[in-house]
**Q** 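Sharing a structure with you now.
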Amino acid sequence: SKLSYKKLTEMSSVALLSESDIGRRCCCGEDYGVVRYLGDVEGSVGRWVGIEWDRVERGKHNGSLKGKQYFVCEKEGNCASFLRHNNSKLSLGVSLPTALLCRYTNSDPEAYKQESENLIIGNKEVKLIGMDSVFEKKSNLNGLTIVSLNDMKISSPGSPGELTQLVPKVDKLELAGNMLLPDWESISLITRQLQALTSLNISETNLKLPADPLLLTPHLSHVTELYLGSTDVSWSSMCEISHMTPLLSQLHIYCNKISSITSPLKCSESLQLLNLEGNELSNWQQIFSLRAYPNLSTLILNNNLLPDIPKLSDTGEETTFFPSLTSLSLRDNLLERWESVDFLNSHFKLNELRIKNNPVFNDVTPQQARQFVIARVATLTALNNSSVPLSERSDAERYYLSSFSRQ
């Protein structure tokens with residue numbers, strides 16, 4: 001709600017930074033970065049905070065001002081600047097439990113800390129006025145199975161065991177857009193408290209990889225559905241992440257500028273859905289390498305740079321690719337020839353296909369395109385999110401044959 005978000009913003013504002021906050025992620029308005037310095041700046045009054053910004057465009061220098069080096073940035077270029085220590089927009093964020101209470105109870109999280117602070121009169125415990133509503137709200141939290149805390153300025157997991165007490169039954173957790181979360185260690189501190197958790201969305205975050213991913217595997221291996229869209233994760237980084245999540249059945253790594261697929265993921269045996277939409281893939285041979293994933297049934301490749309599917313040399317290989325693949329999405333790519341559609345019929349056993357907005361359809365009407373694809377791919381039961389009944393298939397095949405007989 002708007003009220004709880006306003007409260008959250010007030011709580012996340014920095015009151016007093018200390019030396020221990022150097023290295024923490026921070027934000028100022030919509031800009032995110034890392035605190036690199038806290039102290040005086042020559043020629044200026046008061047204390048200042050030196051920040052290395054995620055967006056280089058936000059910076060004014062590289063940590064050096066008027067010939068003096070105050071701090072060193074990890075990125076190249078003028079990606080840093082100073083802000084006054086008392087800037088009201090500067091924030092280090094809030095803990096996940098704090099955001100949870102604000103979002104789902106619209107209450108001051110401090111009220112929950114009073115749970116055990118009831119009055120004792122004689123031998124009797126007297127509840128504080130208003131605590132009944134607090135207890136009721138907390139019991140409602142205990143039953144939650146889906147928690148959505150996107151864009152809530154979350155920066156830490158909170159105290160150990162706090163999430164287990166508040167939301168022990170959570171199966172799906174959405175934390176997209178919480179750019180203040182620093183690293184995968186923080187994520188593991190969250191997931192280890194939520195043993196029922198299977199689905200985790202941490203898209204639009206900027207998480208540092210651990211030095212040894214295997215150390216976090218015990219705390220992340222129960223996650224089977226992972227969303228990492230718009231995180232700038234590379235395929236090689238995803239390979240490291242897959243060591244922490246070896247039992248994934250669904251992986252969504254859309255909009256990450258991925259241009260190559262190299263080593264297989266650790267979760268290759270269990271993976272059933274792979275979403276690579278909105279990347280920069282242009283090599284079909286790399287796509288073909290995914291056939292080593294024996295249980296992959298859904299592959300999403302929309303909005304990439306894939307050209308026509310190349311002809312295969314006669315190597316004696318099996319003609320059926322991807323033994324389990326039944327759903328393929330190729331919308332908004334660069335397919336120009338109908339031979340690519342024929343390839344899908346001869347080398348795949350697809351039930352569902354999404355293939356709109358490719359150049360191959362430029363010279364036909366949408367209705368003709370649909371009929372031609374249905375006629376050419378014999379196993380389809382759904383095309384472009386619309387079912388293909390038997391009657392439509394019969395009509396499409398007759399129209400396709402008649403179109404060629406007229407040529």
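What's counted below: heavy atoms across the whole structure, side chains too, no hydrogens, waters or symmetry copies.
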**Q** Could you state the interatomic distance from CG (Leu214) to CE (Met244), rounded to the nearest 0.5 Å?
**A**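 Between Leu214 CG and Met244 CE, I get 9.5 Å after rounding to 0.5 Å.
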**Q** Donor-acceptor check, side chain of Ser340 to backbone of Glu336, threshold 3.5 angstrom: yes or no?
**A**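 Side chain of Ser340 to backbone of Glu336: no pair is present.
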**Q** Please tell me if the side chains of Ser386 and Arg370 come closer than 4.5 Å, counting only heavy atoms from C-beta onward.
**A**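 When only atoms from C-beta onward are counted, Arg370 and Ser386 do touch, with a gap below 4.5 Å.
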**Q** Tell me if a side-chain donor or acceptor on Asn304 pairs with a main-chain N or O of Asn302 at a distance below 3.5 Å.
**A**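 Confirmed, Asn304 side chain pairs with Asn302 backbone.
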**Q** Verify side-chain hydrogen bond (donor to acceptor under 3.5 Å, both in side chains) between Asp171 and Thr145, making sure each step is shown before the conclusion.
**A** CA-CA 5 Å; Asp171 170 66; Thr145 58; over 6 Å; no
**Q** May I ask you to check whether Ser199 and Glu225 show a side-chain donor-acceptor distance below 3.5 Å?
**A**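 Side-chain D/A pair, Ser199 to Glu225: present.
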**Q** Heavy-atom distance under 4.5 Å between the side chains of Leu265 and Cys239, does that happen here?
**A**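 Side chain of Leu265 against side chain of Cys239, heavy atoms only: contact under 4.5 Å found.
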**Q** For residues Thr191 and His219, report the shortest heavy-atom separation together with the two atoms involved.
**A**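 Residues Thr191 and His219, closest heavy atoms: OG1-O, 2.6 Å.
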**Q** Taking atom NZ of Lys266 and atom CE of Met238, what is their separation to the nearest 0.5 Å?
**A**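 Spacing of NZ (Lys266) from CE (Met238) equals 13.5 Å.
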**Q** Is the closest side-chain heavy-atom distance between Asn385 and Arg354 below 4.5 Å?
**A**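 SC-SC contact between Asn385 and Arg354 confirmed.
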**Q** I'd like to know if the side chain of Arg25 reaches the main chain of Met179, judged simply by a donor and an acceptor atom lying under 3.5 Å from each other, with no hydrogens or angles considered.
**A**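 Present.
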**Q** Please verify the inter-ring angle class for Phe322 with Phe348; under 30° counts as parallel, over 60° as perpendicular, anything in between as tilted.
**A**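 Rings of Phe322 and Phe348: parallel, as their planes differ by under 30°.
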**Q** Looking at every heavy atom in both Trp235 and Ser263, which two are closest together, and how far apart are they?
**A**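 Nearest heavy atoms, Trp235 then Ser263: NE1-O, 2.7 Å.
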**Q** Do the side-chain N and O atoms of Asn283 and Ser260 include a donor-acceptor pair separated by under 3.5 angstrom?
**A**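 No, Ser260 and Asn283 have no side-chain donor paired with an acceptor closer than 3.5 Å.
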**Q** Under 3.5 Å, side chain of Asn78 to main-chain N/O of Gly59, donor-acceptor pair present?
**A**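 Answer holds: no.
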**Q** Would you mind reporting whether Val233 and Leu207 have side-chain heavy atoms less than 4.5 Å apart?
**A**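 Side chain of Leu207 against side chain of Val233, heavy atoms only: no contact under 4.5 Å found.
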**Q** Applying side chain to side chain contact (heavy atoms under 4.5 Å, CB included) to Leu220 and Leu226, what does each step give before you reach the verdict?
**A** CA-CA 10 Å; Leu220 286 157; Leu226 181 61; over 6 Å; no
**Q** Any carboxylate oxygen within less than 4.0 angstrom of a Lys/Arg side-chain nitrogen, looking at Glu42 and Lys66?
**A**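 No, this pair does not count.
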**Q** At their closest point, which heavy atom of Asn178 faces which heavy atom of Met152, and how far apart are they?
**A**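 Minimum heavy-atom contact is OD1-N, 3.0 Å.
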**Q** Angle between ring planes, Phe288 versus Phe343, binned at 30° and 60°: parallel, tilted or perpendicular?
**A**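 Aromatic pair Phe288/Phe343 classed parallel.
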**Q** Count the heavy atoms of every other residue, nucleotide or ligand shown that sit under 6.0 Å from CD of Gln69, and state whether that count exceeds 12.
**A**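 Atom CD in Gln69 is packed in, count exceeds 12.
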**Q** Going through the distances and angles, do Ser95 and Ser156 end up as a side chain to side chain contact (heavy atoms under 4.5 Å, CB included)?
**A** CA-CA 5 Å; Ser95 71; Ser156 68; 3.5 Å; yes
**Q** What is the minimum heavy-atom distance between Gly93 and Ser91, and which atoms define it?
**A**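 Nearest heavy atoms, Gly93 then Ser91: N-OG, 3.0 Å.
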**Q** Begin with the C-alpha distance, continue with both residues' side-chain angles, and end with the deciding distance and a verdict on side chain to side chain contact (heavy atoms under 4.5 Å, CB included) for Val49 and Asp21.
**A** CA-CA 10 Å; Val49 183; Asp21 293 318; over 6 Å; no
**Q** May I ask you to check whether over 12 heavy atoms, not counting those of Asp212, lie within 6.0 Å of atom CG?
**A**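 More than 12 within 6.0 Å, yes.
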**Q** Got a second to check how far Cys27's SG is from Leu90's CG, nearest 0.5 Å?
**A**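 If we round to the nearest 0.5 Å, Cys27:SG and Leu90:CG are 7.5 Å apart.
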**Q** If we only count heavy atoms from C-beta on, is the Ile190 to Leu175 side-chain gap below 4.5 Å?
**A**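 Sidechains of Leu175 and Ile190: in contact.
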**Q** Any chance NZ of Lys60 has more than 12 other-residue heavy atoms, nucleotides or ligands included, within less than 6.0 Å?
**A**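 Not buried by this count: 12 neighbours or fewer within 6.0 Å.
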**Q** Which heavy atom in Ala375 sits nearest to a heavy atom in Ala396, and how many Å separate them?
**A**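 Looks like CB-O, 3.8 Å.
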**Q** Using a 4.5 Å cut-off on heavy atoms from C-beta on, say whether the side chain of Leu325 contacts that of Leu290.
**A**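 No, every pair of side-chain atoms sits at 4.5 Å or beyond.
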**Q** Of all heavy-atom pairs between Ser64 and His61, which one has the smallest distance, and what is that distance?
**A**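 For Ser64 and His61, the tightest heavy-atom pair comes out as O-CB, 3.5 Å.
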**Q** In terms of side-chain geometry, is the basic nitrogen of Lys208 or Glu74 positioned less than 4.0 Å from the acidic oxygen of its partner?
**A**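 Salt bridge between Lys208 and Glu74, a charged N being under 4.0 Å from a carboxylate O: yes.
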**Q** Evaluate the side chain to side chain contact (heavy atoms under 4.5 Å, CB included) criterion for residues Leu92 and Val35: first the C-alpha distance (whole Å), next the side-chain angles of each, then the deciding distance (0.1 Å), finally the verdict.
**A** CA-CA 9 Å; Leu92 294 178; Val35 177; 4.2 Å; yes
**Q** Where the side chain of Asp31 meets the backbone of Trp53, is there a donor-acceptor pair that is under 3.5 Å apart?
**A**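 No; zero donor-acceptor contacts below 3.5 Å.
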**Q** Check whether any side-chain N or O of His252 sits under 3.5 Å from a backbone N or O of Ser203 as a donor-acceptor pair, and report yes or no.
**A**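 No.
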**Q** Look up atom CG in Leu251 and atom CG in Leu228, then write down how far apart they are to the nearest 0.5 Å.
**A**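 These two atoms lie 7.0 Å from each other.
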**Q** Strictly distance-based, threshold 3.5 Å: is any side-chain N or O of Asn256 a donor or acceptor partner for the main-chain N or O of Thr231?
**A**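 Side chain of Asn256 to backbone of Thr231, a donor-acceptor pair under 3.5 Å: yes, one is there.
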**Q** Kindly indicate whether the side chain of Leu330, heavy atoms from C-beta on, has any atom under 4.5 Å from the side chain of Leu344.
**A**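 In contact.
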**Q** Starting at CZ of Phe361, measure out to NZ of Lys356 and round the result to the nearest 0.5 Å.
**A**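 It is 10.5 Å, given to the nearest 0.5 Å.
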**Q** Can you tell me if Glu240 uses its side chain to pair, donor with acceptor, with the backbone of Pro213 under 3.5 Å?
**A**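 Flag not set: sc Glu240 to bb Pro213 has no pair under 3.5 Å.
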**Q** Measure the CD-SG distance between Glu280 and Cys255 for me, rounded to the nearest 0.5 Å.
**A**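 Between Glu280 CD and Cys255 SG, I get 10.5 Å after rounding to 0.5 Å.
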**Q** Backbone N or O of Arg55 within a donor-acceptor pair of the Tyr32 side chain at under 3.5 Å?
**A**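 No, Tyr32 side chain to Arg55 backbone: no donor-acceptor pair under 3.5 Å.
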**Q** Using side-chain heavy atoms (C-beta onward) and a distance below 4.5 Å, is Glu339 in contact with Asp308?
**A**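 Answer no - side chains too far apart.
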**Q** Counting only heavy atoms not in Glu57 (residues, nucleotides, ligands), do more than 12 fall under 6.0 Å from its CD?
**A**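 Above 12, so yes.
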**Q** When you check the side-chain N and O atoms of Thr381 and Asn351, is any donor under 3.5 Å from an acceptor?
**A**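 Judged by distance alone, the side chains do not pair up.
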**Q** Treating Asn275 as the side-chain partner and Tyr254 as the backbone partner, does any N or O pair qualify as donor plus acceptor under 3.5 Å?
**A**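 No, the answer is negative, given that no donor and acceptor are paired below the 3.5 Å cut-off.
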**Q** For Trp48 and Phe82, take the angle between the two ring planes, folded into 0 to 90°, and tell me which bin it lands in: parallel under 30, tilted 30 to 60, perpendicular over 60.
**A**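 Taking Phe82 first and then Trp48, their aromatic rings stand perpendicular (interplane angle over 60°).
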